[in-house]
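First the structure, in the form of structure tokens, and then the observations on it.
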Amino acid sequence: MTSPTIPSKDPVRVRFAPSPTGALHLGGARTALFNYLFARHHGGEFILRVEDTDRERSTEESVSGIFEGMNWLGLEWDSGPFYQSQRMERYLEAAHTLLSSGQAYRCDCLPDDLEARRKAAMAAGLPPKYDGRCRSRNVPSDKPHVIRFLNSRKGNVVVADLIRGDVVFDAEVLDDLVLLRTDRTPTYNFAVVIDDSDMEISHVIRGDDHINNTPRQIALFETLGESLPFFAHIPMIHGTDRTKLSKRHGATSVTAYREMGYLSDAMVNYIVRLGWSHKDQEIFSRAELIEFFDLDHVGSSPSIFNPEKLLWLNAHYMKTASGKDLLAQTLPFLPEEKDPLYPGTKETGPAAEQIIRAIDEWKGRTRTLVELGESLQPFLDRHFAYSPELSKKGFTAESIPVLRDLAVRFESLDVWDHDHLAGVLKSATEDLSLKLGQVASPLRGALTGQTVSPGIHEVLILLGRNESLSRIRRAIEHLGEKP
RNA sequence: GGUCCCAUCGUCUAGUGGCCCAGGACGCUGGCCUCUCACGCCGGAGACACGGGUUCGAACCCCGUUGGGACCA
């Protein structure tokens, strides 16, 4: 790779320009993130532009989905959203300016004809591009027609890509591309160039699926007399089968990951490391990302989405977050409790403190908010069910004496804290000639209905004396009922 | 089919001619810790696609091959 002295074109103005034809997927989110970080790093401006000229495929749902995804990831834009659909007269005007200066012309070739001629050219071993028939035909403006760019570019067009180095295209393969369709709507390449130059974009950072469009756009910029932005084409994100990420690779929209219990910070940290690196560092705070991010360490080969690593990052962010910070994000993953142990489990509710403590005990053991929500269940609901796993682990009628013994000791314990509880368990263990596990395990079953939980002392504290005792009594009853 | 891009452990990557018989991370795996499950800690297996050059020296530079991908059709 050639080396990039990253030019500092001042001021830095970048844009994220999604087509609202679907949700914000991982690749789009990463493109948005790179643009955002580049802007923040250089103190520039991050512009959001919605490329919705394709009225057939663009939807309101997609637009709001994209905004929602960006908001969730914390990618705040500084200006926009601008909609191409609201700039139609601008494209029309620009096309007519080119027309009157002789840099564009009307063409009324029919699609079928074009196709036939293209095939003929291919058969003759020529490139299948537009043959320029209408260049000098002077098609009258009252006939249905498209407006074509009169491409007079000769030689090579080189894209001085900040990531790939010089990418050379032969101008011969460039077409007289359509600027305006018969229905007066602009084509993608035309609208993009008009917008990028009107918005004075300094750096075009986009997926490399657009690199083949770039020489056409450059030819347009030049004809328009506009200075070129810098281009940076970032590699794609592929699915496990190494093809472009799409629906068949499972969840692709970023908001789907929010619903699966992923944290925004984890998601951002994961996608930023796809194609970008900063030495050996894996974990980045938002501030570090802004401080370190630049284009010189963006790689040029495509990467494959790896859900395992995302999961690991999510677990990392969960265990390092405070229970307090996790509370609001966790609440949506708790079912509506019918008989909450802690009433008012709202963020500001009276039980918030209790929930936070439970989250703090659990967050290091679960990898997503969904798992966290499930794990919290026995602590929120006094009508939890006993897991079928329990009896396999020795939670049987034989546990009754141990539980009875513990109940007596707990009733007379004066201070309900970690040290005193540990003391009780220790003496019970010794008096009964058991191992700690043989006491803790049935107790865990009685208190949570589960075979796994945070440390047994923490569970006792979380539930408190009354709830702990009532659960122990209930367990004795439950086990006694067994034949 | 045409144009363009890409190529380091399974995956994300460090590496910009000597520091590399290639480092980190996820995953996998052996162990320690331990009341369960996690976490954490210590260890292990695991890669420079291939072939030619250039050079005293190449993962790094050049050419080709192969493989993959994107776009257009």
Side-chain angles (χ1 to χ4, degrees), chain A residues 1-4 27 114-115 118-119 121-123 125-129 157 159 161 163-165 167-170 172-175 177 188-189 207-216 233-245 269-283 296-316 318-320 361-367 371 375 387 389-390 393-395 422 425-426 429 434-445 447-448 450-460:
Chain A
M1 190 178 101
T2 46
S3 82
L114 254 18
E115 187 55 29
R118 203 175 280 130
K119 285 210 170 108
M122 254 155 59
L126 299 167
K129 62 172 199 171
V157 179
V159 180
D161 195 278
I163 291 167
R164 288 165 206 284
V167 181
V168 181
F169 293 83
D170 185 341
E172 285 303 310
V173 307
L174 266 34
D175 236 331
L177 65 101
Y188 167 76
N189 282 310
D208 75 4
D209 45 346
H210 284 113
I211 197 159
N212 286 308
N213 284 321
T214 309
R216 297 167 219 284
H233 289 92
I234 62 184
M236 306 270 82
I237 298 176
H238 288 164
T240 323
D241 60 359
R242 294 173 187 281
T243 63
K244 201 174 171 180
L245 209 55
N269 200 144
Y270 178 70
I271 61 183
V272 81
R273 286 284 290 103
L274 250 27
W276 175 77
S277 61
H278 180 71
K279 310 208 176 100
D280 279 345
Q281 192 167 338
E282 295 286 348
I283 307 292
D296 52 358
H297 282 91
V298 174
S300 46
S301 55
S303 45
I304 294 172
F305 172 63
N306 179 206
E308 296 288 341
K309 189 152 183 177
L310 171 60
L311 200 53
W312 172 76
L313 273 164
N314 204 58
H316 171 83
M318 283 182 62
K319 71 170 173 269
T320 44
E361 293 302 337
W362 264 111
K363 68 186 191 193
R365 293 161 215 269
T366 56
R367 299 190 294 180
E371 287 176 20
S375 299
S387 160
E389 294 297 307
L390 277 171
K393 302 275 182 182
F395 187 66
L425 287 192
K426 187 159 185 281
T429 299
L434 295 172
K435 298 201 166 158
L436 182 51
Q438 294 173 293
V439 174
S441 180
L443 180 56
R444 168 173 294 109
L447 295 176
T448 67
Q450 302 295 317
T451 55
V452 308
S453 81
I456 196 68
H457 309 115
E458 284 70 32
V459 171
L460 285 161

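Both backbone and side-chain heavy atoms feed into the values below; hydrogens, waters and symmetry mates do not.
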- Against the side chain of A:Glu458, the closest entry in B:C35, B:A14, B:C26 is B:C35

- hbond_proxy A:Arg444 side chain to B:C35 base (donor-acceptor, 3.5 Å cutoff): yes

- Message: Could you work out, with side chain to side chain donor-acceptor pair (under 3.5 Å) as the rule, every residue matching A:Asn212, not counting sequence neighbours?
- Response: none

- A:His316 side chain near A:Asn269 side chain, heavy-atom distance below 4.5 Å: no

- Task: Taking atom C1' in both B:A47 and B:A7, compute the distance separating them and give it to the nearest angstrom.
- Result: 12 Å

- Could you give the distance separating B:A14 and B:U8 at their C1' atoms, to the nearest angstrom? 10 Å

- Message: Let's test your reading of the model: under 3.5 Å, does the base of B:C5 pair with the side chain of A:Arg164 as donor and acceptor?
- Response: no

- Mind checking A:Val439 for me? I need base, sugar-phosphate or nothing, with any heavy atom below 4.0 Å counting as a touch. nothing

- Check side chain to side chain donor-acceptor pair (under 3.5 Å) between A:Arg444 and all other residues, then give those that pass, not counting sequence neighbours. A:Ser453

- Query: Nearest to the side chain of A:Lys319 - B:G40, B:A25, B:A7?
  - Reply: B:G40

- Query: Rounded to the Å, how far apart are A:Ile283 CD1 and B:C12 C1'?
  - Reply: 13 Å

- On a whole-Å scale, what distance lies between the P atoms belonging to B:G44 and B:C26? 15 Å

- What does A:Phe169 touch in the nucleic acid at a heavy-atom separation under 4.0 angstrom: a base, only the sugar-phosphate, or nothing? sugar-phosphate

